Amino acid sequence: MHGSAMKVVAFNGSARKGANTAILLGYVLKELEKEGIETELVELSGAKIHGCLACRKCSTNKNHRCSQTGDVGNECIAKMEEADGILLGSPTYVADVTPEIKALMDRACLVSKANGGLFRHKVGAAVVAVRRAGAMHAFDTLNHFFLISEMDVPGSSYWNIGYGLEPGDVEKDTEAIETMKTLGQNMAWLLKKTAC
Ligand SMILES: Cc1cc2nc3c(=O)[nH]c(=O)nc-3n(C[C@H](O)[C@H](O)[C@H](O)COP(=O)(O)O)c2cc1C
């Protein structure tokens, strides 16, 4: 946390840029911006990101970085460390999150632990897009990252899930849009309450 304007960074694990998960995240980000909070959306689509190698070098190096270079992992971890709030968004793929967002979560989690808890008391929230089923499992997977990172998680009027298959379909899920807007408002409220 820092004295200047607060910032929330959102990571979209979808293989499709600007599609349903990005749209849902966009509604959350718009509410945060209304509250004067700076936002950034990072779309992992097309980016190279490898899973954790379990090399444990982050525990010996303790330099806030993953030992793997040559992909976007460390860039994303640095953005997480700088931000006051982190949104993780994923479509539901076979009743879980995408490999890209899971790779980021695994590596960021170990780097954070290796360095004394880089994300402690940052505010975090999960957003999931789904065609039909498996979204709760994906939602739980994303929340595991926040909870083991000692982050503070705001709720909304429902779980943060939107329904749609083709890009843009989630716009028809009016309850999901309202849920995202409320999430953005609640995230802004919590960020301001917990700002140092
Ligand atoms: C590999 C893959 C697996 C999927 N698995 C599921 C699933 O288990 N349950 C479901 O309801 N939809 C599933 N879907 C559909 C997506 O969750 C849905 O289209 C979602 O809106 C995609 O989000 P996006 O537009 O941000 O990419 C799957 C799609 C793909 C490409």
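Note that the structure is a prediction, hence the values are computed from the model and not measured. Counting starts at 1 for both ligands and their atoms, in listed order.
Shown here are the side-chain hydrogen bond (donor to acceptor under 3.5 Å, both in side chains) partners of Lys172, two or more places apart in sequence or in another chain: Asp169.
Within the structure, side chain to side chain donor-acceptor pair (under 3.5 Å) pairs that include any residue of residues 132-145 comprise Asp96-Thr141 (at least two apart or interchain).
Within 4.0 Å of ligand 1, counting heavy atoms only, the contacting residues are Ser14, Arg16, Ala19, Asn20, Thr21, Pro91, Thr92, Tyr93, Val94, Ala95, Ala129, Val130, Arg131, Arg132, Ala133, Gly164, Leu165.
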Identify each donor-acceptor pair in which a side-chain atom of residues 181-189 lies under 3.5 Å from a protein atom, sequence neighbours left out, and give them as a table.
residue: Thr182; atom: OG1; partner: Glu178; partner atom: O; Å: 3.0
residue: Gln185; atom: NE2; partner: Glu31; partner atom: OE1; Å: 3.0
residue: Asn186; atom: ND2; partner: Gly155; partner atom: O; Å: 2.9

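Side-chain atoms of Lys113 come within 3.5 Å of backbone N or O of Ile148 as a donor-acceptor pair.
A heavy-atom distance below 4.5 Å is found between the side chains of Asn160 and Met180.
For the pair Lys7 and Glu82, the salt-bridge criterion is not met [side-chain N within less than 4.0 Å of a carboxylate O].
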